[in-house]
Amino acid sequence: MTDEPARVLLPRDFFDRPVVDVAPDLLGRTLVRHTPDGPIELRLTEVEAYDGESDPGSHAYRGRTARNATMFGPPGHAYVYFIYGMWFSINLVCGPEGKASAVLLRAGEILTGTSLAAGRRPKARSTNELAKGPARLAAALDIDRSLDGTDVCTTGATPISILHGTPAPRDRVRNGPRTGVGGDGADHPWRYWIDGDPTVSPYRPHTPRRRTATAT
DNA sequence: CAGCGGATATTCT
DNA sequence: GAATATCCGCTGA
């Protein structure tokens with residue numbers, strides 16, 4: 001007799017909904033990353049929604065490319081991309097096939113496999129920092145482009161799956177502008193997080209990056 | 001915590 | 001060439 005949350009996979013239907021419905025519903029759920037050295041479990045505390053059809057902030061807004069092809073595929077799969085020349089981020093594809101919407105996983109609390117995650121994040125100074133931010137989350141869970149397209153809803157062997165976990169109470173969920181999104185995409189308050197959770201990343205407004213080192 | 005600059009793949013111009 | 005769904009190391013509170 002325990003308060004152990006049900007260890008049940010989220011069904012594919014969970015992801016086959018409008019992305020703004022799926023995103024807040026993911027908070028509190030458990031992501032399981034099966035590595036060769038053992039499992040790492042993460043409780044999701046912060047996410048952002050991206051809708052390819054209406055959203056200038058979405059990678060898919062300007063159509064399909066080699067990088068974003070997975071976003072156009074069936075729901076319940078991982079879209080992993082490489083950004084800023086050195087980091088990976090993981091999204092979960094939502095909506096029907098062809099719609100190109102996805103939820104960016106921005107932060108979470110490491111539940112098990114903490115030493116494995118810490119080994120991937122040697123610079124982190126506290127356990128709360130291990131997955132505080134999308135690139136940090138991917139690094140802690142050893143996620144890279146080789147996992148792009150992974151089915152997270154299969155009952156078979158898979159490197160990543162999403163368990164039902166314990167959904168965050170709706171009165172603890174907050175939403176606001178997305179971190180680092182500029183232009184017209186800044187209008188959508190599609191960042192969702194669990195209020196007061198110590199693993200949520202600080203909000204950073206969009207700041208256009210300075211020029212690359214000037215060629216001499 | 002806030003602010004700053006640097007590192008760099010992918011995409012569009 | 002320029003922008004982008006970022007993080008790190010530094011400085012200062």
Side-chain angles (χ1 to χ4, degrees), chain A residues 19-20 22-24 26-27 31 44-72 77-95 99-108 110 117-149 175-193 196-216:
Chain A
V19 66
V20 291
V22 176
L26 275 169
L27 295 174
L31 181 155
L44 294 171
T45 59
E46 180 188 353
V47 299
E48 283 175 359
Y50 289 85
D51 184 345
E53 289 196 52
S54 65
D55 181 6
S58 166
H59 281 175
Y61 183 63
R62 290 175 185 79
R64 182 179 185 134
T65 67
R67 177 171 69 162
N68 67 23
T70 300
M71 281 185 83
F72 290 81
H77 291 245
Y79 164 48
V80 180
Y81 66 88
F82 195 47
I83 191 67
Y84 290 123
M86 33 187 139
W87 307 108
F88 295 98
S89 291
I90 178 172
N91 304 248
L92 301 176
V93 177
C94 297
K99 190 159 182 303
S101 63
V103 177
L104 170 66
L105 307 185
R106 288 198 53 89
I110 303 287
R120 297 288 177 186
R121 296 266 301 117
K123 304 295 176 58
R125 290 182 298 174
S126 70
T127 52
N128 282 343
E129 276 185 6
L130 287 175
K132 182 185 281 194
R136 291 169 170 179
L137 184 155
L141 300 183
D142 196 21
I143 288 169
D144 63 25
R145 267 292 271 188
S146 71
L147 296 177
D148 182 51
N175 71 292
R178 292 173 296 183
T179 302
V181 174
D184 296 331
D187 295 338
H188 300 302
W190 288 348
R191 173 179 179 247
Y192 301 88
W193 67 94
D197 192 285
T199 64
V200 172
S201 69
Y203 172 70
R204 291 191 182 90
H206 175 249
T207 55
R209 152 175 140 313
R210 263 172 255 277
R211 286 189 313 168
T212 323
T214 40
T216 51

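Predicted model, so just to flag it, every value in this text is computed and none were measured.
- Taking atom P in both B:dT13 and C:dA5, one finds a spacing of 15 Å when rounded to whole Å.
- As a whole-Å value, the separation of A:Met86 CE from B:dA7 P is 8 Å.
- For C:dG9, one of the phosphate oxygens OP1 or OP2 lies less than 4.0 angstrom from a side-chain nitrogen or oxygen of A:Lys123.
- Taking the 5.5 Å centre cut-off and the 30° plane limit, the aromatic side chain of A:Tyr50 is classed as stacked on C:dA5.
- Distance alone, capped at 3.5 Å, places no donor-acceptor pair between the A:Glu46 side chain and the A:Gly108 backbone.
- Sorted by first and then second residue, the salt bridge (charged side-chain N to carboxylate O under 4.0 Å, His left out) pairs involving residues 177-188 of chain A (not counting sequence neighbours) are A:Asp55-A:Arg178.
- A:Tyr61 places its OH atom 13 Å from the P atom of B:dC12, with the value rounded to the nearest Å.
- Nucleotide C:dA5: unpaired (no Watson-Crick or G-U wobble partner with both distances less than 3.5 Å).
- Residue pairs satisfying the salt bridge (charged side-chain N to carboxylate O under 4.0 Å, His left out) criterion with at least one member in residues 130-144 of chain A, sequence neighbours excluded, are listed as follows: A:Arg120-A:Asp142.
- In this structure, the CD1 atom of A:Ile83 is 7 Å from the C1' atom of C:dA5, given to the nearest Å.
- As rounded to whole Å, 8 Å separates atom P of B:dC1 from atom CD of A:Glu129.
- Heavy atoms of A:Ala66 sit under 4.0 angstrom from primed sugar atoms or phosphate atoms, though from no base atom.
- Phosphate contact (OP1/OP2 of C:dC8, side-chain N/O of A:Arg121, threshold under 4.0 Å): present.
- In the set C:dC7, B:dC12, C:dA5, C:dC7 carries the atom at the smallest distance from any side-chain atom of A:Pro134.
- Between A:His59 and B:dT11 there is no side-chain polar atom (N or O) within less than 4.0 angstrom of OP1 or OP2.
- Residue-level contact check: A:Ser89 touches neither bases nor backbone, having no heavy atom under 4.0 Å from any strand.
- With DNA chain C read from its 5' end, the first of the two nearest nucleotides for A:Arg136 and A:Arg67 is the one closest to A:Arg67.
- Side-chain contact, A:Asp197 with A:Thr199: a donor N or O sits under 3.5 Å from an acceptor N or O.
- For A:Thr179, no side-chain nitrogen or oxygen approaches OP1 or OP2 of C:dA5 to under 4.0 Å.
- Rounded to whole Å, the distance from CG on A:Asp184 to P on C:dT4 is 12 Å.
- Between the CD atom of A:Glu46 and the P atom of C:dT6 there is a distance of 10 Å, given to the nearest Å.
- Between the P atom of C:dG9 and the CZ atom of A:Arg125 lies a distance of 9 Å, rounded to the nearest Å.
- Looking only at atom types and distance, the side chain of A:His59 has a donor-acceptor partner in the side chain of A:Tyr79 under 3.5 Å away.
- Taking a 6.0 Å sphere around CZ of A:Arg145, one finds it holds more than 12 heavy atoms contributed by other residues, nucleotides or ligands.
- Nucleic acid contact for A:Gly57: base, since at least one base atom lies under 4.0 Å from a heavy atom of the residue.
- Side-chain atoms of A:Tyr81 stay outside donor-acceptor range of the base of B:dA9, with no qualifying N/O pair under 3.5 Å.
- To the nearest angstrom, C1' of C:dC7 lies 18 Å from CZ of A:Arg120.
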